[in-house]
There are 2 protein chains.
Amino acid sequence: MDDKALQLSNQVCFPIYSASRLITRAYKPYLDEMGITYPQYLVLMVLWESDNVSVNQITQKLLLNTNTVSPLLKRMEKLELIERNRSIEDERIVIVQLTEKGNLLKGQAKPIPENLLKIMLNENINLSEILQLKEMLNEWIEILSENNKN
Amino acid sequence: MDDKALQLSNQVCFPIYSASRLITRAYKPYLDEMGITYPQYLVLMVLWESDNVSVNQITQKLLLNTNTVSPLLKRMEKLELIERNRSIEDERIVIVQLTEKGNLLKGQAKPIPENLLKIMLNENINLSEILQLKEMLNEWIEILSENNKN
DNA sequence: TACATTTATGTCGCACACGATATAAATACA
DNA sequence: TGTATTTATATCGTGTGCGACATAAATGTA
């Protein structure tokens with residue numbers, strides 16, 4: 001493998017790292033209006049799609065660890081966006097439920113995807129390319145999730 | 001714009017966010033051996049390419065703010081990887097310089113890109129696709145950096 | 001049934017990121 | 001020359017991420 005190929009991982013990993021941070025920044029003005037952060041928005045999206053899920057189900061959907069999600073949910077409970085209750089059948093499980101406030105934010109969040117897409121689509125970037133990028137990232141996510149288990 | 005297109009930003013932004021974290025995790029075992037973190041590795045790569053650069057130059061290359069980089073460099077100085085000295089010509093500027101230890105890590109870091117590439121390349125992902133993804137991310141980084149200035 | 005193991009969640013400590021703000025040096029300009 | 005502004009860096013507070021570890025409930029098994 002030649003030097004150019006060797007440098008490739010840096011040339012791809014760093015842009016992913018940078019793009020991730022810049023995207024979070026791009027979301028910020030919209031999320032600020034709602035008083036939430038990007039990870040909190042992700043949790044809400046999970047709950048808007050299906051409410052009353054366990055902490056574990058949230059960690060799996062977001063590919064995060066419980067030591068990240070637990071404090072995150074704690075802050076969201078303080079913001080009165082969600083409630084946390086132990087399951088009756090299995091006392092180990094905590095069920096997360098949207099409050100009325102958390103539910104209402106769904107409407108306020110509606111224009112966010114369109115606004116983001118406007119920023120990210122331009123004359124040099126078309127939809128089919130984006131779809132291809134999405135496929136590739138998901139491929140990597142699968143590989144890296146698998147890789148991380150061992 | 002239809003609903004599918006609207007959801008696209010979520011379908012791309014979240015994978016970028018996840019991939020970024022998973023990539024950092026993939027680097028971790030190699031960086032652990034060197035006693036550094038991924039952002040510290042990025043700073044070292046900047047310095048290995050050209051030593052004696054200002055804090056500001058590092059923030060620009062890594063697209064990070066000084067309030068992230070300053071503490072990062074402070075920790076790296078404590079690890080004796082770098083030294084920080086005020087410029088004589090302009091006392092506001094802090095020049096960052098590799099120590100012998102920081103320089104020696106360059107050799108130890110050499111196999112990292114190849115190892116990462118081995119993880120990220122498989123039968124479903126080829127080089128040309130990766131190059132295309134890289135171009136696209138850089139396009140977005142440019143857009144989002146510009147977008148963030150206002 | 002008693003005890004080891006697994007599962008689900010949580011806490012703690014540390015290292016980022018970043019908005020808001022501070023400080024000192026350099027520069028602009030009245 | 002004196003003062004306002006800009007520039008470079010740093011500090012503080014808050015919110016993630018995550019490794020290491022803790023705890024309690026459920027499950028497996030001798």
Side-chain angles (χ1 to χ4, degrees), chain A residues 17-29 31-32 34-43 53-60 62-79 81-82 84-96 144-145 148-149, chain B residues 17-29 31-32 34-43 53-60 62-79 81-82 84-96 144-145 148-149:
Chain A
Y17 160 81
S18 297
S20 174
R21 285 186 306 100
L22 292 171
I23 286 170
T24 303
R25 280 191 214 170
Y27 272 99
K28 192 163 191 305
L31 299 179
D32 276 352
M34 300 167 63
I36 60 174
T37 64
Y38 184 64
Q40 290 170 10
Y41 173 61
L42 294 179
V43 171
V53 295
S54 69
V55 173
N56 204 27
Q57 285 171 310
I58 294 173
T59 66
Q60 278 168 28
L62 301 184
L63 305 175
L64 288 165
N65 300 326
T66 71
N67 51 4
T68 297
V69 173
S70 282
L72 180 56
L73 293 174
K74 207 173 177 180
R75 286 186 290 271
M76 291 179 75
E77 193 172 39
K78 197 181 261 179
L79 291 171
L81 299 171
I82 58 160
R84 293 185 297 166
N85 297 294
R86 292 265 164 199
S87 163
I88 301 165
E89 301 96 57
D90 189 334
E91 288 275 343
R92 294 171 302 179
I93 298 172
V94 169
I95 302 293
V96 182
L144 293 168
S145 300
N148 193 243
K149 280 182 188 166
Chain B
Y17 160 81
S18 296
S20 175
R21 286 186 306 100
L22 292 171
I23 286 170
T24 303
R25 279 192 214 170
Y27 272 100
K28 192 163 191 309
L31 299 179
D32 276 352
M34 299 166 63
I36 59 174
T37 64
Y38 184 64
Q40 290 171 11
Y41 173 62
L42 294 179
V43 170
V53 294
S54 69
V55 173
N56 203 27
Q57 285 171 310
I58 294 173
T59 66
Q60 278 168 28
L62 301 184
L63 305 176
L64 289 165
N65 299 326
T66 72
N67 51 4
T68 298
V69 173
S70 281
L72 181 56
L73 293 174
K74 207 173 177 181
R75 286 185 290 270
M76 292 179 75
E77 193 172 39
K78 197 181 260 179
L79 291 171
L81 299 171
I82 58 160
R84 293 186 296 167
N85 296 294
R86 292 265 164 197
S87 163
I88 302 166
E89 301 97 56
D90 188 335
E91 289 275 342
R92 293 171 303 180
I93 297 171
V94 169
I95 301 294
V96 182
L144 293 168
S145 300
N148 193 244
K149 280 183 188 167

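A, B, ... follow the sequence lines: proteins, then strands. Residue 1 opens every chain.
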Legend entry - Protein-nucleotide distance (A/Tyr41, atom OH; D/dT16, atom C1'), rounded to Å: 18 Å
Inset, instruction - Mind grabbing the angle between the end helix axes of the helix from C/dT1-D/dA30 to C/dA30-D/dT1? Five pairs an end, 10° rounding. - result: 0°
Inset, instruction - Write down the distance between CG (B/Asn65) and C1' (D/dC12), rounded to a whole number of angstrom. - result: 15 Å
Legend entry - Heavy-atom donor-acceptor pair, A/Asn65 side chain to A/Asn67 backbone, under 3.5 Å: no
Inset, instruction - Round to a whole Å and report the spacing from CD1 of A/Ile58 to C1' of D/dG17. - result: 16 Å
Inset, instruction - Mind checking the CE-OG1 spacing from B/Met76 to B/Thr37? Nearest 0.5 Å is all I need. - result: 7.5 Å
Legend entry - Any donor-acceptor N/O pair, A/Arg21 side chain to B/Leu63 backbone, under 3.5 Å: yes
Inset, instruction - Select base, sugar-phosphate, or nothing to describe what A/Glu89 touches, counting heavy atoms under 4.0 Å on all strands. - result: sugar-phosphate
Legend entry - Nucleic acid footprint by protein, nucleotides 3-16 of chain C - heavy-atom cut-off 4.0 Å, B for base, S for sugar-phosphate alone: ----BSBBB---SS
Inset, instruction - Would you please classify the geometry between the B/Tyr38 ring and the A/Tyr17 ring as parallel, tilted or perpendicular, with 30° and 60° separating the classes? - result: perpendicular
Inset, instruction - Nearest whole angstrom, please: distance from the P of D/dC18 to the CD1 of B/Ile23. - result: 13 Å
Legend entry - Interatomic distance where CG belongs to A/Leu79 and P belongs to D/dT14 [whole Å]: 13 Å
Inset, instruction - Mind calculating the distance between CG (B/Leu64) and P (D/dA10) to the nearest angstrom? - result: 14 Å
Inset, instruction - Report yes if the side chains of B/Arg75 and B/Pro71 come closer than 4.5 Å at any heavy-atom pair, otherwise no. - result: yes
Inset, instruction - Could you tell me the separation between the CG atom of B/Leu31 and the P atom of D/dC18, rounded to a whole number of Å? - result: 14 Å
Inset, instruction - Identify the two heavy atoms, one from A/Val43 and one from A/Leu72, that lie closest to each other, and give their separation to 0.1 Å. - result: CG2-CD2, 3.7 Å
Legend entry - Side chain A/Arg84, main chain A/Ile95, donor-acceptor under 3.5 Å: no
Legend entry - Between C1' of C/dA26 and CD1 of B/Ile88, the distance in whole Å: 17 Å
Inset, instruction - Using the test salt bridge (charged side-chain N to carboxylate O under 4.0 Å, His left out), find all partners of A/Glu91 that sit at least two apart in sequence or belong to another chain. - result: none
Inset, instruction - Could you check if a side-chain atom of A/Val55 sits within less than 4.5 angstrom of a side-chain atom of A/Val69, using non-hydrogen atoms only? - result: yes
